[in-house]
Amino acid sequence: MFTCSTRQDQFQTYVLQNESGQTYIEVVPERGCIISKYVHNAEPIFYLEQETLDDPAKNVRGGNPILFPISSYLVDETYYYNDTAYQLKQHGFARNLAGKVVSTHADEAGASITLEMTHNEETLARYPFHFTLTMKYTLDAGGLTVTATVVNQDDKTMPFYLGYHPYFYAPDKNKIELRIPSTAYADLERNSMTNDRFNFDQAVSNVIYDQLQSNASEMIDHARNLKVTLIADDYYQYIVLWALEGSPFVCIEPWMAPVNGMNVNKGVQLVEAKQAHTSTIHIKVESIRQG
């Protein structure tokens with residue numbers, strides 16, 4: 001039996017868990033509807049710096065931040081719509097919005113929570129569209145499923161491109177093996193790849209893959225005998241890796257568009273007036289112990 005409960009920390013937190021309590025997620029609606037923690041069979045899957053979650057002035061470093069209405073950054077933080085310049089900071093504003101819970105459900109098969117974020121005066125000044133972003137998180141024996149539905153409430157076509165920034169816990173990065181389904185990549189930070197392997201041994205490493213040959217990217221944690229598989233549907237045409245030296249995480253980020261996507265017109269999704277766009281990613285965790 002799965003359950004859904006709440007507790008009051010710095011912010012109200014929703015906990016979806018299995019009967020043993022060894023597998024669970026925590027969701028914080030007021031902090032961009034983020035999944036702040038994901039634990040599978042008592043093993044942390046997401047990394048979290050708790051102080052960044054507790055401080056609303058900071059971007060959360062950890063969990064699975066939502067990147068909307070853009071992923072990555074724009075040159076000069078600027079894009080144009082109908083010949084008017086608008087400014088958006090890196091990764092958009094969804095991670096800084098307060099959301100609300102629409103519904104929860106739990107039964108023998110799993111647990112889910114549905115949350116909603118919408119436009120306000122501040123977002124309209126930077127992104128001139130009326131929207132609703134609905135996030136549904138489902139935890140079951142098969143893993144964690146994240147479904148995003150972007151609803152265009154406006155009377156004009158709305159451009160966007162979504163992404164996620166999951167921080168996967170990696171206590172010993174020397175024993176991490178990454179399998180990305182592409183050999184086509186570009187450094188976003190110099191020397192991020194060494195002999196076609198991601199470089200964990202510099203201050204910041206950041207690389208973007210395109211021309212993906214499948215929907216599945218894998219992180220093998222040989223220190224913990226775990227395989228984490230990120231499966232993103234076909235809208236997500238890019239995988240980005242990001243890591244900081246000395247920090248026990250690696251981000252494996254599915255993006256719909258590349259850097260500066262709004263201006264180079266790659267990966268931009270167009271939602272017609274009063275229509276909706278739905279996409280899904282799935283995270284599966286498996287033991288790789290032998291015998």
Side-chain angles (χ1 to χ4, degrees), residues 27-35 59 64-104 112-138 145-166 215 231-238 240 253-282:
V27 180
V28 186
E30 292 174 82
R31 296 292 273 133
C33 296
I34 192 173
I35 301 175
N59 290 324
N64 183 37
I66 300 163
L67 315 181
F68 175 87
I70 64 170
S71 52
S72 187
Y73 61 86
L74 302 169
V75 173
D76 297 326
E77 297 186 344
T78 300
Y79 72 99
Y80 293 85
Y81 177 76
N82 285 348
D83 297 322
T84 300
Y86 293 90
Q87 280 70 50
L88 277 174
K89 292 186 179 298
Q90 184 173 11
H91 297 327
F93 48 66
R95 58 183 174 168
N96 302 120
L97 291 178
K100 65 178 183 181
V101 175
V102 176
S103 65
T104 61
S112 65
I113 183 170
T114 302
L115 308 101
E116 184 179 278
M117 293 179 279
T118 193
H119 60 270
N120 57 37
E121 289 186 9
E122 185 178 352
T123 69
L124 288 168
R126 294 180 282 163
Y127 181 68
F129 303 95
H130 297 78
F131 70 88
T132 300
L133 174 59
T134 300
M135 302 301 305
K136 183 177 182 180
Y137 303 137
T138 303
T145 302
V146 176
T147 302
T149 300
V150 179
V151 180
N152 180 1
Q153 297 180 357
D154 229 309
D155 58 4
K156 56 185 181 286
T157 302
M158 184 176 78
F160 79 95
Y161 43 97
L162 187 70
Y164 298 96
H165 203 303
N215 299 87
I231 304 167
D233 67 22
D234 289 341
Y235 292 116
Y236 298 91
Q237 291 293 304
Y238 302 85
V240 174
E253 309 173 33
W255 291 2
M256 290 183 175
V259 170
N260 204 35
M262 199 77 87
N263 293 319
V264 300
N265 197 29
K266 286 185 178 180
V268 179
Q269 309 297 310
L270 300 175
V271 186
E272 299 300 321
K274 312 304 180 186
Q275 299 301 306
H277 180 292
T278 298
S279 62
T280 299
I281 68 168
H282 180 74

Straight-line distance of [X] [atom1] to [Y] [atom2], nearest 0.5 Å:
X    : Y    : atom1 : atom2 : value
T147 : H282 : OG1   : NE2   : 10.5 Å
T84  : Y79  : OG1   : OH    : 10.0 Å
K266 : N260 : NZ    : CG    : 11.0 Å
H91  : N59  : NE2   : CG    : 9.0 Å
Q275 : T157 : CD    : OG1   : 10.0 Å
I281 : E253 : CD1   : CD    : 11.0 Å

Centroid-centroid under 6.0 Å between Y81 and F129 rings: yes
Could you check, using the six-membered ring where one of them is a Trp, whether F131 and F68 have ring centers closer than 6.0 angstrom? yes
Using a 4.5 Å cut-off on heavy atoms from C-beta on, say whether the side chain of [Y] contacts that of [X].
X    : Y    : answer
Y235 : H277 : yes
I34  : R95  : no
M158 : V150 : yes
V27  : V101 : no
H130 : L124 : yes
L97  : L133 : no
N152 : F160 : no

For [Y], does its backbone N or O pair with a side-chain atom of [X] as donor and acceptor, under 3.5 Å?
X    : Y    : result
Y161 : W255 : no
H165 : N64  : no
Q269 : G267 : yes
D154 : A273 : no

Below 30° counts as parallel, above 60° as perpendicular, anything between as tilted: where do the rings of Y236 and Y164 land? tilted
What closest approach, in Å, do [X] and [Y] show between heavy atoms, and which atom pair accounts for it?
X    : Y    : result
V264 : V259 : CG2-O, 4.2 Å
E122 : N120 : N-OD1, 2.9 Å
S279 : L162 : OG-CD2, 3.8 Å
M262 : I70  : CE-CG2, 3.8 Å
P159 : Y127 : O-OH, 2.6 Å
P254 : A232 : CB-CB, 4.1 Å

N215-D233 side chain donor-acceptor pair, cut-off 3.5 Å: no
Does a sphere of radius 6.0 Å around [atom1] in [X] hold more than 12 heavy atoms from other residues, nucleotides or ligands, not counting ones at 6.0 Å or beyond?
X    : atom1 : result
Y73  : OH    : no
K156 : NZ    : yes
Q87  : CD    : yes

